[in-house]
Each structure stands twice: as C-alpha cells, then as structure tokens.
**Q** 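Sharing a structure here in structure tokens format.
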Amino acid sequence: MTPSDRRGQRRGGTLLPLLALVAGCVGLTLLVQPADAAPAPEPAIVDVTAGGSLYQRYCGLCHANNGSGVPGTGAAAGPDLRGLPVAYVDLTIRTGRMPIVHDEVGAIEEQLTAEQRRAVVAWMTGAFDLEGVIPEVLPGDAGRGQLPWLTNCAPCHSAAGQGGISADGSLAPDVTDVDPTGVVEAIRVGPFEMPQFGDETLSEQEAADIAAYVQELASADPTPLGLTGIGRVYAGAVTGVLALVVVGALVLVVRTRRQPAVPPPGVPPADDVPQSPEGPAAGDDAGARR
C-alpha cells in the first residue's frame with residue numbers, strides 16, 4: 001500500500017465518524033423541534049337563555065327567582081347570590097355541592113353537566129351582577145407545587161388531599177377529584193370555612209403549581225394504612241399512640257432482660273452449687289508423687 005493510499009484510508013476513517021456525528025446532531029435537532037401547535041379549541045357556545053331556565057329549575061326554589069335568597073334553616077333555605085364572586089358560584093356547581101339533590105327541595109335529578117354549568121353561571125353573572133371572572137389556570141409544575149401545598153393546604157386537606165379535620169374542627173373535603181380550575185377557584189375565593197389566598201400569598205403560578213400537584217395526588221397510589229391521607233388532628237393522635245406503643249415495648253424488653261433466669265425443678269440455683277476447693281495444679285501433684 002502506497003503512502004497516498006494510507007493517507008486516503010486514514011481520511012476515510014476520520015470522515016465516517018464525523019459524518020455520523022453530524023447526522024446524529026441533525027436527527028436530534030429534528031426530534032427536539034417543537035411540533036406545530038395544535039389549534040386552540042373553539043370556545044364552547046353558551047346558551048344563556050337555557051341557563052335561565054336551568055336556574056329556575058334547580059336554584060330558584062332556595063335562592064329565589066331574583067337571587068335574593070330564602071331565609072331560614074330548612075331544606076329550602078338558601079343565601080343571597082347577588083354580587084357574589086362568579087368563581088365562587090362556578091366552584092359550588094363544579095364540585096357538585098349545588099344544586100342540592102334532595103326530594104324536599106324538588107331537585108332529584110343528577111348534577112349539572114359542564115355545558116349546563118357554563119350556561120347557568122353565564123345567566124347568573126348577568127342577572128345577579130356576579131363579580132370577577134373564572135380564573136384561567138396557567139400550566140403548572142407538580143414538583144414546584146408540593147411545597148406550597150404542604151405549607152398552605154395539607155394541614156386541613158391532608159398531605160394526600162383526601163380531606164380531614166382542621167385544627168378548628170372544620171371538615172375539609174377530599175380535593176383529589178377537583179379539576180385544576182376548581183382548585184384555583186377555591187384558592188382565590190376561599191369557599192365555606194376555607195381561608196382565601198390572594199395574590200400576595202400565592203401567585204398565579206404557585207396556584208397553578210398547586211393545582212398540578214393535586215392532579216398528581218389524584219393519580220398516586222395510597223400509602224400503607226393510608227397514613228398520608230389523615231389530617232393534622234388525626235396525625236397528632238396517631239403519632240401519640242405509636243409513641244406510647246414504642247415506649248411500652250422498650251420498657252417490656254428492659255424488664256424482661258433484668259429478670260433472673262428460673263432454673264428447672266430440682267436444679268439448685270447457680271449461687272447454691274458447692275464449689276470444689278482449689279488444689280494444687282496437675283503438674284504439682286505429679287511432682288509430689290515423684
């Protein structure tokens with residue numbers, strides 16, 4: 001092989017890896033190129049007129065036709081709806097709290113569908129001057145949402161989001177079946193006994209991250225005995241019981257080790273066994289005989 005052939009072979013051996021590297025980079029670039037964004041879904045058409053009919057059918061009996069509410073404490077009593085945050089009204093329907101499915105109030109049908117909810121909320125917004133808007137949830141990061149969830153939400157809703165009893169005795173519901181919009185609505189309006197978290201406490205991004213973390217909780221497997229699903233009050237009680245069990249077991253082990261062993265019947269204790277007097281060593285006895 002001539003020197004020129006060897007140089008050509010070396011160039012060829014160097015060129016092939018370079019070509020493979022370039023091809024790999026091009027392929028990787030094509031893979032990571034963002035795909036064409038899918039067209040945004042068309043906004044749902046809301047039938048406001050149908051929403052008014054739905055309100056009269058499901059809500060008017062307890063909240064009055066003009067939304068002023070029905071005083072009292074019976075099954076047909078309901079608060080004034082005028083001027084409420086629209087997110088509050090939407091949340092109560094979205095989570096199935098309203099309308100009340102009860103024979104006494106005449107609402108014995110299934111809960112409203114998403115289409116019906118949008119319609120009735122749209123009608124109420126105009127008829128009762130509901131305030132604000134339904135929040136648009138940003139893309140959230142479940143990893144970032146864990147810390148604000150544990151700090152602000154888990155003390156009442158439990159670490160696993162399955163509900164519990166808060167320190168003041170209020171019953172916190174299971175939130176693992178609430179969609180991201182409902183989670184953010186609850187954060188902002190603070191329904192029922194829940195405190196309201198404003199932007200100064202939780203930013204829009206933090207609220208979205210919490211909503212994403214709740215979705216992770218909904219798909220997570222429960223821990224053994226469901227310990228992550230208990231609230232702060234139950235967690236303290238369980239911790240106290242476990243501590244008592246551990247301390248009792250340790251005391252029992254220590255007392256058992258301190259008790260002397262009981263010899264079998266007919267065998268004297270080790271302290272009563274007569275000891276033979278010490279005699280001369282075997283070597284000395286042999287020397288004496290000699």
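As a basis for the values below, the full set of heavy atoms in this structure was taken, side chains included, without hydrogen atoms, waters or symmetry mates.
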**Q** If you take all heavy atoms of Q205 and G140, which pair is closest and at what distance?
**A**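 What the structure gives for the nearest pair is NE2-CA, 4.1 Å.
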
**Q** Hey, any chance Y88 and L130 share a hydrophobic cluster, counting ILVMFWY side chains that come within less than 4.5 Å of each other, even indirectly?
**A** no

**Q** Rounded to the nearest 0.5 Å, what's the gap from CD1 on I210 to CZ on R144? Could you check?
**A**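 Here the rounded value is 11.5 Å.
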
**Q** Mind checking the CE-NE2 spacing from M194 to H157? Nearest 0.5 Å is all I need.
**A** 5.0 Å

**Q** Yes or no on salt bridge (charged side-chain N to carboxylate O under 4.0 Å, His left out) for D179 and R94, after CA distance, side-chain angles and deciding distance?
**A** CA-CA 9 Å; D179 63 11; R94 183 184 294 268; 2.8 Å; yes

**Q** Okay, side chain of Q215, backbone of V178: is any donor-acceptor separation there less than 3.5 Å?
**A**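 Judged by distance alone, yes, a pair lies under 3.5 Å.
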
**Q** Return the CG to CD distance between D177 and Q162, rounded to the nearest 0.5 Å.
**A**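 With rounding to 0.5 Å, CG (D177) is 11.0 Å from CD (Q162).
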
**Q** Side chains of Y58 and V120: does their closest heavy-atom pair fall under 4.5 Å?
**A**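 Sidechains of V120 and Y58: no contact.
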
**Q** Does a salt bridge link R82 with D129, judged by any charged N lying under 4.0 Å from a carboxylate O?
**A** no

**Q** Establish whether V48 and M124 are linked, either directly or via other cluster members, by ILVMFWY side-chain heavy-atom contacts under 4.5 Å.
**A** yes

**Q** Could you list the residues that satisfy salt bridge (Lys or Arg N to Asp or Glu O under 4.0 Å) with D174, not counting sequence neighbours?
**A**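 Partners of D174 by the salt bridge (Lys or Arg N to Asp or Glu O under 4.0 Å) criterion come out as none, since no residue qualifies.
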
**Q** Quick one: closest heavy-atom pair of P173 and R97, and the distance?
**A**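 That closest heavy-atom pairing would be CG-NH2, 3.8 Å.
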
**Q** Show the atom names and distances, to 0.1 Å, of all donor-acceptor pairs under 3.5 Å that link a side chain in residues 186-193 to residues at least two apart or in another chain.
**A**
{"unit_1": "R188", "atom_1": "NH1", "unit_2": "F197", "atom_2": "O", "d": "2.9"}
{"unit_1": "R188", "atom_1": "NH1", "unit_2": "G198", "atom_2": "O", "d": "3.3"}
{"unit_1": "R188", "atom_1": "NH1", "unit_2": "L202", "atom_2": "O", "d": "2.9"}
{"unit_1": "R188", "atom_1": "NH2", "unit_2": "D199", "atom_2": "OD1", "d": "3.1"}
{"unit_1": "R188", "atom_1": "NH2", "unit_2": "L202", "atom_2": "O", "d": "2.9"}
{"unit_1": "R188", "atom_1": "NH2", "unit_2": "S203", "atom_2": "O", "d": "3.3"}

**Q** With rounding to the nearest 0.5 angstrom, report the CD to CG distance, E216 to D141.
**A** 9.5 Å

**Q** Shortest non-hydrogen contact from V121 to V89?
**A**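 Between these two residues, the closest heavy atoms are CG2-CG1, 4.4 Å.
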
**Q** Of the non-hydrogen atoms in N152 and P155, which two are nearest, and what is the gap between them?
**A** C-CD, 4.1 Å

**Q** If two hydrophobic side chains count as joined below 4.5 Å and joins carry through other members, does Y55 share a cluster with L84?
**A** yes

**Q** Of all the heavy-atom pairs spanning V175 and W149, show the shortest one and how long it is.
**A**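 Distance-wise, the nearest heavy atoms are CG2-CH2, 3.7 Å.
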
**Q** How many angstroms lie between SG in C59 and CG in L81, if you round to the nearest 0.5 Å?
**A** 7.5 Å

**Q** Please examine the side chains of E131 and V86, heavy atoms only from C-beta on, and report whether any two atoms are closer than 4.5 Å.
**A** no

**Q** Taking all heavy atoms of L112 and all of P99, pick out the closest pair and write down the distance.
**A**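 That would be CG-CD, 4.0 Å.
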
